[in-house]
Amino acid sequence: MNTTTKQTETTGPAGAWNGSNPVAVITGASQGLGLALARGLAERGWSLVIDARTPERLAAADYELSKLTTVVALAGDVTDEAHRADLTEAAANLGGASLLVNNASSLGASPMPSLAGFPLDALVETFAVNVVAPLALAQLLLPQLREHGGEMINISSDAAVEPYEGWGGYGASKAALDHASAILALEETTIRVWAVDPGDLQTQMHQDAFPGEDISGLPLPQTVVPAFLRLIDERRPSGRYQALDLAGSRRATADAEVA
């Protein structure tokens, strides 16, 4: 194990490892959507392997989530090969991953520059975090996911399909992730691969994209968690989904049942 990576292991509310619980690996899980998804899965009894780059924030997330379930929290960067190996090993020790959520992402620069002036080192870093790292982690975890007939969720964005000024680097990286997800889904027929656009949310990343602006009117990350849980519950076919559409289909189903 990489000795430079901080590791915190907890045994969950039962006081012992429980290998029978499904295991989810979630990157970027110390705040925002990643933490909200981790919380939603923990409440359902999933064991968690979570990471983030900031040890202090990750420790706070670990403290909260470990009251609900088994948690292994590893501070590190998803672009680091040794860190990805640690995440894979941690999931194997819990019984193997049934779900991978590639949530960790990078804007590349803030405020967001036009492509004409986009620093190339920042562009390389954006693709390293948003495209290469998710695929590299998927390669390591695929044997576990195949064994469990599991799922992979790659967090996408409307910027992957709509051209927005200033969003060239981030949008291009998410478009590449979408395409990689679609191809992976064709090649890996024993698992499901989903690219999911969560919509605009009240997160630190969104605030970084609009420095100084008031984003308090945007939905909180936890509001879209039911859409992700629906995707997992119904084991929808591999493909690209929008959280808003999944939430809408849930409401439509509920209305039909009442009628």
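The hydrophobic cluster containing V132, built from Ile/Leu/Val/Met/Phe/Trp/Tyr side-chain heavy atoms closer than 4.5 Å, comprises no other residue.
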Open item on the list: Checking D51 against T27 for the side-chain hydrogen bond (donor to acceptor under 3.5 Å, both in side chains) test, could you report, in this order, the C-alpha distance in whole Å, the side-chain angles of both residues, the deciding distance, and whether it holds?
Closed with: CA-CA 5 Å; D51 90 333; T27 64; 4.7 Å; no

Task: side-chain hydrogen bond (donor to acceptor under 3.5 Å, both in side chains) between S181 and N154, worked out - done: CA-CA 7 Å; S181 301; N154 292 325; 2.8 Å; yes

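The distance from atom CZ of R146 to atom CD of E188, rounded to the nearest 0.5 Å, is 4.0 Å. For the atom pair CG (D233) and CG (L246), the distance works out to 11.0 Å, reported to the nearest 0.5 Å.
With contacts defined as side-chain heavy-atom distances shorter than 4.5 Å, the pair W46/N21 does not qualify. Residues L41 and L48 meet the side-chain proximity criterion, which asks for heavy atoms closer than 4.5 Å. Counting only heavy atoms from C-beta outward, the side chains of I50 and V72 never approach each other to under 4.5 Å. L201 is not listed as a side-chain neighbour of L220, based on a closest heavy-atom distance of 4.5 Å or more.
Counted by atom type alone, S106 and E125 present one or more donor-acceptor pairs between their side chains at under 3.5 Å.
For the pair D62 and R57, the salt-bridge criterion is not met [side-chain N within less than 4.0 Å of a carboxylate O].
Within 6.0 Å of the CZ atom in R53, the count of heavy atoms belonging to other residues, nucleotides or ligands does not exceed 12.
In terms of heavy atoms, A138 sits closest to M152 at CB-CE, 3.6 Å. Here the shortest heavy-atom pairing between A38 and L65 reads CB-CD1, 3.8 Å. Here the shortest heavy-atom pairing between A133 and V78 reads CB-O, 3.5 Å. The minimum heavy-atom distance linking L37 with V101 is given by the pair CD1-CG1, 4.0 Å. In terms of heavy-atom proximity, G34 sits nearest to I26 at O-CG2, 4.0 Å. Nearest heavy-atom pair, A122 versus G108, reported as atom, atom and distance to 0.1 Å: CB-O, 3.3 Å.
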